[in-house]
Amino acid sequence: MPEIAEVETVVRSLRRRLLGGRIRRVEIYDPKLRGFDAARLKGRVIRDVQRAGKEIVIDVSTPKSPRWWCVHLRMTGALLWRPGGIPPTDRHLRLRAALDRGALFYFDSRRFGVMRLCASPDEFAPAGIDPLSRDFTIERLADLLRGAKTAIKPWLLRQDRLVGFGNIYASEVLFAAGIDPRRPAGGLSAREIKRLHRATTHVLLKAVECGGTTISDFADCDGECGGYQRYLKVYGREGERCRRGDGRIIRLVQQGRSTFYCPSCQQ
DNA sequence: CTCGGAGCCTGTCTGC
DNA sequence: TGCAGACAGGCTCCGA
């Protein structure tokens with residue numbers, strides 16, 4: 001489900017709710033999460049909540065025992081905070097963490113989500129550059145793109161060079177940059193790379209500001225839906241008129257995933 | 001390096 | 001109403 005803007009939104013909402021809270025009890029309801037050492041969380045205080053790529057990182061370190069509780073929501077994972085600790089009715093409840101003033105519930109219908117306890121930041125440090133960080137410059141982007149033969153859209157989905165893109169924002173950013181998703185990544189001109197950089201920053205910041213994109217059920221930990229779906233220009237709009245020019249939105253499949261674009265605005 | 005396909009899982013929607 | 005098939009926002013593995 002969530003891409004960088006949605007994970008950032010969840011992280012911010014979690015930070016508001018969890019900071020300083022002490023974990024009293026953790027219950028796991030999904031055998032797939034058996035490998036997760038939930039017992040080690042008990043008694044720990046939540047020091048911070050950060051984002052590492054698309055992963056949520058909850059710092060539960062003590063001076064003698066550094067530990068980070070890492071959650072990757074993948075497609076359908078969701079974290080919800082309930083002040084009273086009463087769970088929302090959902091048969092996909094996979095984990096419950098009770099704190100002093102409420103409880104955190106983890107849901108995941110498809111069970112693609114991953115949870116782990118890390119002992120060092122090296123274990124969750126993303127390989128790629130975060131497009132919302134200062135490291136994301138035009139020069140770095142140009143370096144990464146150099147020589148790449150893959151089409152730019154599937155290239156954006158690879159997390160080992162840039163982190164955080166998913167299927168929605170990859171299409172949206174390319175539309176904003178006016179670049180055809182089938183173009184070889186390494187074949188973009190300096191001017192196009194500049195446009196891609198600018199579009200990435202612009203689209204992702206706006207999406208974060210809106211609290212992410214809710215197409216079916218994304219929400220932050222308070223159950224608040226995102227608002228960026230109002231601004232989607234191409235994603236999910238196959239056959240509709242382009243909002244900018246005269247074209248109609250086309251859907252095509254690249255490496256097994258849908259890509260949406262406007263053939264008249266994107267060259 | 002790059003690509004396509006399968007797999008991990010389950011829910012929803014479409015068409016017959 | 002039933003049922004098969006396609007499809008879904010993520011990611012990893014394999015073989016060609």
Side-chain angles (χ1 to χ4, degrees), chain A residues 1-10 29-36 51-56 70-79 89-95 106-116 123-124 126-128 130-131 143-175 181-187 203-204 207-208 210-220 225-239 251-261:
Chain A
M1 183 195 307
E3 305 182 28
I4 186 168
E6 289 71 40
V7 178
E8 180 64 26
T9 298
V10 174
Y29 308 109
D30 179 1
K32 243 187 122 177
L33 292 177
R34 253 190 330 216
F36 177 62
R51 179 178 60 76
K54 290 184 195 170
E55 205 165 30
I56 297 160
C70 299
V71 184
H72 198 310
L73 302 173
R74 296 285 181 100
M75 294 280 266
T76 51
L79 287 167
T89 43
D90 190 314
R91 61 204 143 124
H92 303 304
L93 180 61
R94 308 296 179 195
L95 177 144
Y106 173 62
F107 303 92
D108 189 5
S109 63
R110 285 172 78 176
R111 293 195 287 158
F112 285 172
V114 176
M115 218 175 258
R116 61 206 179 108
E123 294 176 48
F124 56 80
D130 191 306
D143 287 346
L144 292 171
L145 287 165
R146 196 160 296 130
K149 290 171 187 159
T150 315
I152 184 65
K153 192 270 187 168
W155 187 92
L156 289 175
L157 295 181
R158 291 210 20 192
Q159 305 294 306
D160 53 351
R161 294 178 282 222
L162 289 181
V163 281
F165 267 107
N167 216 30
I168 295 177
Y169 297 118
S171 282
E172 291 299 315
V173 162
L174 288 172
F175 175 82
R182 299 166 298 181
R183 296 270 304 281
V203 167
L204 296 182
V208 169
C210 290
T213 300
T214 300
I215 287 176
S216 58
D217 53 15
F218 166 75
D220 70 11
C225 290
Y228 194 75
Q229 60 279 7
R230 288 197 304 274
Y231 298 95
L232 295 178
K233 305 288 198 302
V234 288
Y235 185 83
R237 302 188 66 233
E238 182 183 15
R251 183 182 87 99
L252 59 93
V253 175
Q254 292 178 291
Q255 298 192 3
R257 324 266 328 256
S258 291
T259 298
F260 298 88
Y261 77 109

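Residue numbering restarts at 1 for every chain, and letters A, B, ... go by the order of the sequence lines.
- Using a 5.5 Å limit on the distance between ring centres and a 30° limit on the angle between planes, the aromatic ring of A/Phe218 does not count as stacked on the six-membered base ring of C/dG9.
- Put simply, CD1 on A/Ile215 is 8 Å from P on C/dG9, counting in whole angstrom units.
- Across the protein-nucleic acid pair, A/Asp160 atom CG and C/dC13 atom C1' stand 15 Å apart, rounded to whole Å.
- For A/Arg110 and C/dG10, the CZ to P distance is 10 Å, given to the nearest whole Å.
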Given side-chain contact (heavy atoms from CB on, under 4.5 Å), test A/Gln255 with A/Leu157 step by step and report yes or no. CA-CA 10 Å; A/Gln255 298 192 3; A/Leu157 295 181; over 6 Å; no

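- Look at CD1 on A/Ile4: it is 11 Å from P on C/dC11, rounded to the nearest Å.
- Computed from coordinates, the A/Glu55 CD to C/dC11 P distance equals 10 Å when rounded to whole Å.
- Close to C/dA8, at under 4.0 Å from its OP1 or OP2, lies a side-chain N or O of A/Arg251.
- Rounded to whole Å, the separation between the C1' atoms of B/dC8 and C/dC3 comes to 24 Å.
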A/Arg74/A/Arg110 under side-chain contact (heavy atoms from CB on, under 4.5 Å): CA gap, chis, key distance, verdict: CA-CA 9 Å; A/Arg74 296 285 181 100; A/Arg110 285 172 78 176; over 6 Å; no

Output field dot_bracket for DNA chain B (Watson-Crick or G-U, both distances under 3.5 Å, | for other-strand pairs) contains .|||||||.|||||||

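- Taking atom P on both nucleotides, C/dT12 is separated from B/dG11 by 24 Å, rounded to a whole Å.
- Under a 4.0 Å N-O distance rule, the pair A/Arg111/A/Asp108 does not qualify as a salt bridge.
- Under 3.5 Å, the side chain of A/Arg257 and the base of C/dA8 form no donor-acceptor pair of N or O atoms.
- Whole-Å rounding puts the A/Leu204 CG to C/dG9 C1' distance at 14 Å.
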Assess whether side-chain contact (heavy atoms from CB on, under 4.5 Å) is satisfied between A/Phe260 and A/Leu232, documenting all intermediate values. CA-CA 11 Å; A/Phe260 298 88; A/Leu232 295 178; over 6 Å; no

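- The side-chain heavy atoms of A/Leu174 and A/Thr259, taken from C-beta on, include no pair separated by under 4.5 Å.
- The separation between A/Phe124 atom CZ and C/dC11 atom C1' is 20 Å, rounded to whole Å.
- Contacts between chain A and DNA chain B, taken as any atom within less than 4.0 angstrom of a protein heavy atom, begin and end at B/dT2 to B/dG11.
- If you take atom P in B/dC9 and the same atom in C/dC7, they sit 22 Å apart, rounded to whole Å.
- Put simply, CD on A/Gln255 is 14 Å from P on C/dT12, counting in whole angstrom units.
- A distance of about 24 Å separates the C1' atoms of C/dG9 and B/dT2, rounded to the whole Å.
- Scanning both residues, A/Phe165 and A/Gln159, for their nearest heavy atoms gives O-NE2, 2.9 Å.
- In this structure, the side chains of A/Glu172 and A/Val234 come closer than 4.5 Å at one or more pairs of heavy atoms.
- Considering only side-chain N and O atoms, A/Gln159 lies nowhere under 4.0 angstrom from the phosphate OP1 or OP2 of C/dG10.
- Remark: the backbone N or O of A/Leu73 is not paired with any side-chain donor or acceptor of A/Lys54 at under 3.5 angstrom.
- A salt bridge does not link A/Lys32 to A/Asp30: none of the charged nitrogens lies less than 4.0 Å from a carboxylate oxygen.
- Residue contacts shown for A/Thr213 include a base, since a base heavy atom lies under 4.0 Å away.
- Judged purely by distance below 3.5 Å, without hydrogens or angles, the side chains of A/Glu6 and A/Tyr169 pair a donor atom with an acceptor atom.
- Residue contacts for A/Tyr235: at a heavy-atom cut-off of 4.0 Å it reaches the sugar-phosphate backbone alone, with no base atom in range.
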